Peer 1: 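Structure provided below as structure tokens; questions to follow.
Every chain is numbered from 1 and lettered A, B, ... according to where its sequence line falls, protein lines coming before strand lines. Model, not experiment: these values are computed from the prediction.
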Amino acid sequence: MASSSSILNLNPYSSLLFNKTTVKKTIKFPSSFSLSSRKRVIFVVRAEMKKIYKGTHMREQQLTEMIEQKVSEAEQVCGEDEVSDECKVAWDEVEEVSQAKADLRLKLHQLHQDPLESFCQDNPETDECHIYED
Amino acid sequence: MAVSTVYTIQSLNSTYSISSPKSHIGFTQKHILLYTTPKKNYTKKTTQISCSTEKPVIIGLAADSGCGKSTFMRRLTSVFGGAAEPPKGGNPDSNTLISDTTTVICLDDYHSLDRTGRKEKGVTALDPKANDFDLMYEQVKAIKDGIAVEKPIYNHVSGLLDPPELIKPPKIFVIEGLHPMYDARVRDLLDFSIYLDISNEVKFAWKIQRDMAERGHSLESIKASIEARKPDFDAYIDPQKQYADAVIEVLPTQLIPDDNEGKVLRVRLIMKEGVKNFNPVYLFDEGSTISWIPCGRKLTCSYPGIKLSYGPDTYFGHEVSVLEMDGQFDRLDELIYVESHLSNISTKFYGEVTQQMLKHADFPGSNNGTGLFQTIIGLKIRDLYEQIIASRAAAPLEATKA
């Protein structure tokens, strides 16, 4: 693990591999440069698997299935004619859902913002708002 | 949203008349009140209170999907303070982000064709035919004039166009997407524009990291997806970079021979000269050509180190200044060392860039030029915003003095 005076060196998205760990780092500004006062920065990385709403979990599943489905569709369509418009559109759809899945993962695992958060606060009884536990 | 700003003017002996500009269509209203308070030193102090609905500063950000726009947005909103969140109580699939000062909308919301429609017509989302530029122009113009709009929502999960959401004019309005600078009318509304130019090798590496964990994807499918998008991307999206005030170019590193992992990056910040309210960042001496390796006696860096350069150049026929960083930060003191040698970064205190980078150390790019330049651009935008607001405030003052 990184030393106390280093920024955690993470690849893009590699933090998604962390599971159920909470890491607390204390970073001190080294005295090798002049700041009027040394600051102590508490740096907390939360990489816990949070409980999510059922509706959000369903959305995740849906996107995963869509990616699989659209990739095989695209491979099929492009197998027939690689430079056709249909081929372009098919891969564009793959890109769209891949990005949507990545955005959802970013929201959930890094930003801890469940898209259904405010809806479920107002409507806790709906099926979508039951807690899904991993 | 009505905001009242209070200006205090020291006046000696002169009298000021009360003037209230007539409001038009009832949307923007300015009320100027003048009063005097007796002061010990006998100078008349007049305070001008002006209330107006927000006339936002409009920022445009262009990039291909999956190219770090959302990271950029979050860094940007963080510079202004406050976390950016989706609108509360609205559509959970909304693409909009709102913080205290900033609203970010995704231009995909202006798709004229939903997923089915595009499939029928055989157009990708990159194609201008799939986007309603008239509506985009109309609504961005309305926001710029301080009028709230009902903006459609494009749902990326279902691929459908959902019922609209209300967008109120904020202080800073950011439009991000594939075509912010495509339409000339929309381009003219922008106070500042940025283009994120990711090279093919880096794009490939990032998309692999994004998608390899997915069941459906393989190396071939990711490659095929990028290849298939290239013609439309080169035809419709790429040409926008000539219009941008700032381009962040991300390339593979030159410090490691034959590196194909795409982890160490060479990032170039290309800044147009002569842009209103925007002074390019420079190293040591504005207008010179500088090459700088900070690692040495005072600073020890680990492999592959850091290399910076700066110099004037031309870009699509415009005069530009280019600041470049190759390598990555391993330690905090490297970051603060580099920051302390940059000029015109519009920080409000020493170490502000480092502090912002630390705040989001878990974001991608926090240890290299992408995070650094995105943060710096965020600070430049804050500076631009403050300059615009100050010049708007000065204008009525000038009018009353006359």
Peer 1: For Trp91(A) and Ala228(B), work out which heavy atoms get closest and say how close.
Peer 2: CD1-CB, 3.5 Å
Peer 1: Using non-hydrogen atoms only, which part of Glu75(A) is less than 4.5 Å away from chain B: side chain, backbone, both, or neither?
Peer 2: side chain
Peer 1: Just to be sure I understand the criterion: a residue of residues 54-63 of chain A counts if one of its heavy atoms is under 4.5 Å from a heavy atom of chain B. Which ones qualify?
Peer 2: Arg59(A), Gln62(A), Leu63(A)
Peer 1: Which heavy atom of Val71(A) sits nearest a heavy atom of Gly216(B), and at what distance?
Peer 2: CG1-O, 3.6 Å
Peer 1: To the nearest 0.5 Å, how far apart are CG in Asp92(A) and CZ in Phe233(B)?
Peer 2: 12.5 Å
Peer 1: Side chain, backbone, both or neither: which part of Asp232(B) has a non-hydrogen atom closer than 4.5 Å to chain A?
Peer 2: side chain
Peer 1: Which heavy atom in His217(B) sits nearest to a heavy atom in Ser98(A), and how many Å separate them?
Peer 2: NE2-OG, 2.9 Å
Peer 1: So for Glu227(B), is it side chain, backbone, both, or neither that comes closer than 4.5 Å to the heavy atoms of chain A?
Peer 2: neither
Peer 1: Could you look at Tyr154(B) and say if it's the side chain, the backbone, both or neither that has a heavy atom under 4.5 Å from chain A?
Peer 2: side chain
Peer 1: Please look at Asn123(A) and chain B and tell me whether the side chain, the backbone, both or neither of the residue comes under 4.5 angstrom of a heavy atom of that chain.
Peer 2: neither
Peer 1: May I ask you to list the residues in residues 118-125 of chain B that approach chain A closer than 4.5 angstrom, counting heavy atoms only, ordered by number?
Peer 2: Arg118(B), Lys119(B), Gly122(B), Val123(B), Thr124(B), Ala125(B)
Peer 1: Select one option (side chain, backbone, both, neither) describing which atoms of Ala84(B) are under 4.5 Å from chain A's heavy atoms.
Peer 2: backbone
Peer 1: Identify which of Val89(A), Asp85(A), Leu104(A), Thr64(A) forms the greatest number of heavy-atom pairs closer than 4.5 Å to chain B.
Peer 2: Val89(A)
Peer 1: So how far is it from Met66(A) CE to Ser158(B) OG, rounded to the nearest 0.5 Å?
Peer 2: 8.0 Å
Peer 1: What I want to find out is whether Arg210(B) reaches Glu95(A) closely enough, with some N-O distance under 4.0 Å, to be called a salt bridge.
Peer 2: yes
Peer 1: When rounded to the nearest 0.5 angstrom, what distance separates CG in Asp127(B) from NZ in Lys88(A)?
Peer 2: 7.0 Å
Peer 1: CD/Glu214(B) to CZ/Arg105(A) distance, rounded to the nearest 0.5 angstrom?
Peer 2: 5.0 Å
Peer 1: Please determine whether a side-chain nitrogen of the Lys or Arg among Arg115(B) and Glu96(A) lies less than 4.0 Å from a carboxylate oxygen of the Asp or Glu.
Peer 2: yes
